[in-house]
Amino acid sequence: MLKIFRITAILEGVSYILLFGFTMPLKYWAGILEPNKVVGYAHGCLFIAYGVLTLVVCWSKKWSIKRFIVLFIASLLPFGTFYADKKYLKPLDVNA
């Protein structure tokens, strides 16, 4: 489950960067709407999946509420899921 969570965290972070770094400027500066729709839907699904997996993994591993909050807030910040993966998830996956 931790590997799936890590993959989802990375994909969510990439979709966040694509959405706000590339497709939003295309939408508002160039008037190209299609990439924003596709990446927006993908990001929405990945964001929800990340939130659910955060809850499931924290519950199953009996992690503290503090760790849950940190991991969830990471999904709201640019590059946050990359930080969370490196600091909180990768060390655990290596030991698993």
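Only heavy atoms go into these numbers, but all of them, side chains included; no hydrogens, no water, no symmetry mates.
- Here the NE2-CG distance, from H43 to L11, works out to 12.0 Å after rounding to the nearest 0.5 Å.
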Evaluation steps, side chain to side chain contact (heavy atoms under 4.5 Å, CB included), between V57 and L2 | CA-CA 7 Å; V57 169; L2 192 58; 4.2 Å; yes

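- Note: the hydrophobic cluster containing I17 also contains I10 (ILVMFWY, side chain heavy atoms under 4.5 Å, direct or indirect links).
- Relative ring orientation between F5 and Y50 is described as parallel, the plane-to-plane angle staying below 30° on a 0-90° scale split at 30° and 60°.
- Atom CZ of F22 has 12 or fewer neighbouring heavy atoms from other residues, nucleotides or ligands inside a 6.0 Å radius.
- F47 and S75 make their closest contact through CE1-OG, 3.3 Å (heavy atoms, listed as atom of the first residue, atom of the second, distance).
- Taken from OG in S15 to OH in Y41, the straight-line distance is 15.0 Å, to the nearest 0.5 Å.
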Apply the test side chain to side chain contact (heavy atoms under 4.5 Å, CB included) to residues T54 and W63: give CA-CA distance (whole Å), side-chain angles for both, the deciding distance (0.1 Å), then the verdict.
-> CA-CA 10 Å; T54 301; W63 288 346; over 6 Å; no

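- A continuous path of hydrophobic side-chain contacts links I73 to I65 [ILVMFWY only; heavy atoms under 4.5 Å].
- A single hydrophobic cluster is not seen to contain both M1 and F68; linkage of ILVMFWY side chains at heavy-atom distances under 4.5 Å, directly or through other members, places them apart.
- In this structure, the ring of F79 has its center no less than 6.0 angstrom from the ring center of Y16.
- Here T81 contributes atom OG1 and R6 contributes atom CZ; the two are 11.5 Å apart, rounded to the nearest 0.5 Å.
- When hydrophobic clusters are built by joining Ile, Leu, Val, Met, Phe, Trp and Tyr residues whose side-chain heavy atoms come closer than 4.5 Å, directly or via intermediates, L53 is grouped together with L71.
- Residues N36 and L19 approach most closely at OD1-CD1, 3.7 Å, considering heavy atoms.
- V52 and I69 fall into different hydrophobic clusters, where Ile, Leu, Val, Met, Phe, Trp and Tyr residues are linked whenever their side-chain heavy atoms come under 4.5 Å apart, directly or through other members.
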Verify side chain to side chain contact (heavy atoms under 4.5 Å, CB included) between I32 and K27, making sure each step is shown before the conclusion.
-> CA-CA 5 Å; I32 304 171; K27 178 181 178 180; over 6 Å; no

